[in-house]
Student: 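Have a look at the structure that comes next, please.
Index from 1, following the sequence.
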Amino acid sequence: MEPNKIAGILSILLGLIFIIFPVFSTATLSIFIGLSLVFFGIALMLSGFSAVNIIIGILAIIVGMVFIFNITALSFIFGLQFYIIGIILILGGIIGLISDSKISKIASVLIIILGIISFALGGFSINQPLFAAILIGVALIIEGVRLYLD
């Protein structure tokens, strides 16, 4: 079997696990991210004793501990990402509407609508940690199907 098909099947299975067991999946992912950040921070501090390495290492360890002991941190970061993307899309759409660029007015309105949807997804994700897990699961399934069909 081709590597893409195997990766696709694994991605679909992982996506289903995220949707079926959102609390377990979110907690596990948050712990893995936290441990990665802690180990990264330690490695960074040991790699060179410059002030920048030590400061970034300490920050990575602190953020890693937050991810390990607070699973809602993952949904906050996820929601923050949607907010930032939403703001950028809305601003880009407004600029497309008021400028004399080659972007059509309909495309600019659609970009603004996508920005509003993204902003709403950010609110849902921050307020409900399970929403982030379900979105991750859906994204993994979509990516898995794409990999399998390639």
Student: Can you tell me how far CG of L14 sits from CD1 of I9, rounded to the nearest 0.5 angstrom?
Tutor: 13.5 Å
Student: What residue among I84, I111, I112 forms side chain to side chain contact (heavy atoms under 4.5 Å, CB included) with L89?
Tutor: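 With L89 as partner, side chain to side chain contact (heavy atoms under 4.5 Å, CB included) holds for just one option, I111.
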Student: Please tell me if the side chains of F18 and I134 come closer than 4.5 Å, counting only heavy atoms from C-beta onward.
Tutor: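 Not touching, per the 4.5 Å side-chain cut-off.
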Student: Taking CD1 in I106 as the centre, count heavy atoms belonging to other residues, nucleotides or ligands within less than 6.0 Å. Is the count above 12?
Tutor: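 Open.
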Student: In this structure, would L44 and V66 fall into the same cluster of hydrophobic residues linked by side-chain contacts under 4.5 Å?
Tutor: no
Student: I need the minimum non-hydrogen distance between S75 and S125, along with the two atoms involved.
Tutor: CB-O, 3.2 Å
Student: Starting at CD1 of I88, measure out to OH of Y83 and round the result to the nearest 0.5 Å.
Tutor: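 The CD1 atom of I88 sits 15.0 Å away from the OH atom of Y83.
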Student: When you group the ILVMFWY residues by side-chain heavy-atom contacts below 4.5 Å and let the links chain together, are V23 and V138 in the same group?
Tutor: no
Student: Nearest 0.5 Å, please: how far is CG in D150 from CD in E2?
Tutor: 9.5 Å
Student: Just how far is it from atom CD1 of I31 to atom CZ of F69, taken to the nearest 0.5 Å?
Tutor: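 Rounded to the nearest 0.5 Å, the CD1-CZ separation comes out at 9.0 Å.
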Student: Counting N and O atoms only, with roles assigned by atom type, does the side chain of S25 sit under 3.5 Å from a partner on the main chain of F21, one being a donor and the other an acceptor?
Tutor: yes
Student: Quick one, R146 with E143, criterion salt bridge (Lys or Arg N to Asp or Glu O under 4.0 Å). Give me CA distance, side-chain angles, the key distance, then yes/no.
Tutor: CA-CA 5 Å; R146 187 196 65 79; E143 181 65 17; 2.6 Å; yes
Student: For a side chain to side chain contact (heavy atoms under 4.5 Å, CB included) with I58, tell me which candidate from I54, I61, I55 qualifies.
Tutor: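 Testing each of I54, I61, I55 against I58, the sole residue satisfying side chain to side chain contact (heavy atoms under 4.5 Å, CB included) is I54.
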Student: Quick one: do I33 and F76 end up in the same hydrophobic cluster if we chain Ile, Leu, Val, Met, Phe, Trp and Tyr together by side-chain heavy atoms under 4.5 Å apart?
Tutor: yes
Student: Could you check whether any side-chain heavy atom of L121 comes within less than 4.5 Å of a side-chain heavy atom of F131, counting everything from C-beta outward?
Tutor: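 L121 vs F131: side chains touch.
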Student: Is the closest side-chain heavy-atom distance between L147 and K5 below 4.5 Å?
Tutor: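 The answer is no; the side chains never approach within 4.5 Å.
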Student: Side chain to side chain contact (heavy atoms under 4.5 Å, CB included) between S47 and N53: does it pass, once the steps are laid out?
Tutor: CA-CA 8 Å; S47 69; N53 282 1; 3.6 Å; yes
Student: Looking at side-chain heavy atoms only, is the closest gap between I12 and L140 below 4.5 Å?
Tutor: no
Student: Just how far is it from atom CZ of F67 to atom OG1 of T72, taken to the nearest 0.5 Å?
Tutor: 10.0 Å
Student: So, do I136 and L29 sit near enough that their side-chain heavy atoms are less than 4.5 Å apart?
Tutor: yes
Student: Does one hydrophobic cluster hold both I113 and I95, with members joined at side-chain heavy-atom distances below 4.5 Å?
Tutor: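 No.
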Student: Using atom types as modelled and distance alone, determine if a side-chain donor or acceptor of S118 lies under 3.5 Å from a backbone N or O of F82.
Tutor: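 Looks like yes, one N/O pair under 3.5 Å.
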Student: Would a 4.5 Å heavy-atom cut-off, applied to side chains only, mark I19 and I141 as touching?
Tutor: yes
Student: Counting only heavy atoms not in Y148, do more than 12 fall under 6.0 Å of its OH?
Tutor: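 Result for OH/Y148: open.
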Student: To the nearest 0.5 angstrom, please state how far the CZ atom of F119 sits from the CZ atom of F124.
Tutor: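 Nearest 0.5 Å value for the CZ-CZ distance: 12.5 Å.
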Student: Examine L80 and V63 and state if one hydrophobic cluster contains both, with Ile, Leu, Val, Met, Phe, Trp and Tyr joined whenever side-chain heavy atoms are less than 4.5 Å apart.
Tutor: yes
